[in-house]
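All of these numbers come straight from a predicted model, not from anything done at the bench.
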Amino acid sequence: MSSRQEKIRTYTEALSSDLEVPVKKRCITEATENTARSETAAAANTGFYQLLEHHQIGKGLAIDSCRKLTDKYLLAMVKVYFQRAKLQEEEYTTLNFFAALFLANEMEEETIFHDLIYPLGLGVEYQVKWQELRSKKLELWVRMGFKAWVSRSSCEEAMEDNPTHWAWRRERHHNHGLAIRFHARQRDYLYFSLPYISPAVCSQCAPKPPTPEKVRPDKELPFKMRMKRMWKKDNP
């Protein structure tokens with residue numbers, strides 16, 4: 001027994017110089033890693049908000065005035081994708097932005113509007129370069145480990161670092177928030193704000209004038225009472 005214990009003690013002493021790390025040194029290392037991680041996250045957030053100010057992205061957001069392609073939750077998904085893929089500062093480009101936006105629309109939307117991201121991201125040469133955007137989307141998906149689903153709570157968490165930013169005020173009108181069957185779609189369902197082509201305002205998103213009090217039915221009264229009042233108006 002003594003020889004066995006002596007062998008174990010000798011083996012442990014031989015490894016102790018490699019495995020033993022002082023507590024103080026370990027704490028300093030962890031604090032340094034946490035600081036570096038927080039600085040990296042702050043730089044990534046700054047790079048994302050600076051990218052949103054790019055003229056090409058701003059032009060695309062202006063065309064999508066109904067927020068069918070670029071509402072606040074889809075933009076938050078783009079930010080989450082950038083973080084999951086661990087993009088470097090030089091990789092915060094418009095091409096990667098539209099590739100992530102394309103993937104977000106494919107994940108969450110049930111309409112054909114995501115095909116319009118090709119001309120928004122590539123301009124007039126989109127028919128020639130569309131494969132470049134598609135390959136970027138697939139590359140981004142691989143770098144994320146194929147984790148493209150983002151919960152609503154994760155989107156809201158991504159907005160918390162700058163809640164007053166204009167991107168997080170891009171609310172989609174409820175008329176554009178559902179998957180509507182083809183035969184039931186209104187004329188403005190396919191509306192996009194294209195200069196010299198589209199009307200100035202989408203009729204579905206435009207604020208409706210308030211209904212006069214005389215026209216509004218008094219819904220607080222019971223049905224029989226309302227019918228009685230209508231009968232009195234018709235038969236004075």
Side-chain angles (χ1 to χ4, degrees), residues 30-54 56-118 120-121 133-180 192 205:
E30 291 177 355
T32 305
E33 291 177 354
N34 292 335
T35 303
R37 194 178 298 112
S38 60
E39 290 178 354
T40 303
N45 292 334
T46 304
F48 177 77
Y49 291 119
Q50 289 178 350
L51 183 61
L52 288 177
E53 303 298 333
H54 194 279
Q56 187 176 359
I57 295 176
K59 183 180 179 181
L61 297 181
I63 291 175
D64 184 25
S65 59
C66 297
R67 283 78 164 169
K68 292 192 285 284
L69 287 170
T70 57
D71 71 336
K72 64 178 184 179
Y73 288 107
L74 292 172
L75 294 179
M77 287 180 68
V78 172
K79 183 181 178 184
V80 173
Y81 286 168
F82 280 12
Q83 293 172 350
R84 288 181 180 178
K86 298 180 180 179
L87 297 186
Q88 301 299 321
E89 185 177 357
E90 61 273 9
E91 293 179 305
Y92 278 68
T93 60
T94 57
L95 186 60
N96 282 329
F97 175 86
F98 285 108
L101 184 63
F102 197 104
L103 181 59
N105 274 269
E106 284 188 331
M107 284 295 299
E108 295 296 331
E109 302 300 323
E110 299 180 6
T111 60
I112 59 173
F113 297 139
H114 60 266
D115 290 334
L116 294 174
I117 297 177
Y118 287 119
L120 293 181
L133 181 62
R134 187 175 180 83
S135 62
K136 276 291 182 182
K137 181 197 70 172
L138 296 176
E139 178 185 345
L140 187 70
W141 191 30
V142 172
R143 291 180 63 173
M144 292 190 299
F146 304 100
K147 298 178 181 178
W149 184 78
V150 183
S151 64
R152 180 169 181 171
S153 59
S154 298
C155 291
E156 293 173 349
E157 184 179 349
M159 304 177 195
E160 289 179 355
D161 62 334
N162 192 358
T164 59
H165 194 269
W166 57 263
W168 313 138
R169 296 196 298 269
R170 291 180 62 84
E171 297 278 355
R172 186 185 302 184
H173 196 275
H174 62 85
N175 289 331
H176 298 296
L178 301 173
I180 304 174
F192 282 89
C205 300

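Nearest approach of R170 to L61, heavy atoms of both residues: NH2-O, 3.3 Å.
Among residues at least two apart or in separate chains, salt bridge (charged side-chain N to carboxylate O under 4.0 Å, His left out) pairs with a member in residues 159-169 are K79-D161.
Applying ring-ring contact (aromatic ring centres under 6.0 Å, His included) to Y92 and the options F97, Y49, F82 leaves one that passes, F82. Each of R67, R172, K68 was evaluated against E109; a single residue qualifies, R172, per the salt bridge (charged side-chain N to carboxylate O under 4.0 Å, His left out) test.
Under the ring-ring contact (aromatic ring centres under 6.0 Å, His included) criterion, F102 pairs with H114, Y118, not counting sequence neighbours. Every residue was checked against the ring-ring contact (aromatic ring centres under 6.0 Å, His included) condition with Y73, not counting sequence neighbours, and none meets it. With sequence neighbours excluded, the residues satisfying side-chain contact (heavy atoms from CB on, under 4.5 Å) with A104 are L74, M77, Y81. The side-chain contact (heavy atoms from CB on, under 4.5 Å) test applied to K72 returns M159, W168, E171, not counting sequence neighbours. Residues satisfying the side chain to side chain donor-acceptor pair (under 3.5 Å) test with N96, not counting sequence neighbours, are T93. Residues forming a side-chain contact (heavy atoms from CB on, under 4.5 Å) with A167 (at least two apart in sequence, or on another chain): L52, L75, H165. Judged as a side chain to side chain donor-acceptor pair (under 3.5 Å), and not counting sequence neighbours, Q56 has no contacts. Partners of R134 under the side chain to side chain donor-acceptor pair (under 3.5 Å) rule, at least two apart in sequence or in another chain, do not exist in this structure. Judged as a side chain to side chain donor-acceptor pair (under 3.5 Å), and not counting sequence neighbours, T164 has no contacts. By the side-chain contact (heavy atoms from CB on, under 4.5 Å) test, S153 pairs with S151, sequence neighbours left out.
At a threshold of 4.5 Å between non-hydrogen side-chain atoms, the residues R84 and V80 count as touching. Residues I63 and L120 form a side-chain contact, since some pair of their non-hydrogen atoms from C-beta on lies under 4.5 Å apart.
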Pair up each side-chain donor or acceptor in residues 138-146 with any protein partner under 3.5 Å, not counting sequence neighbours, and list the distances.
| from | atom 1 | to | atom 2 | distance (Å) |
| --- | --- | --- | --- | --- |
| R143 | NH1 | E91 | OE2 | 2.8 |
| R143 | NH2 | A85 | O | 3.4 |
| R143 | NH2 | E91 | OE1 | 3.3 |

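Distance CD1/I57 to CG/L51: 3.5 Å, rounded to 0.5 Å. To the nearest 0.5 Å, atom SG of residue C155 and atom CG of residue D71 are 9.0 Å apart.
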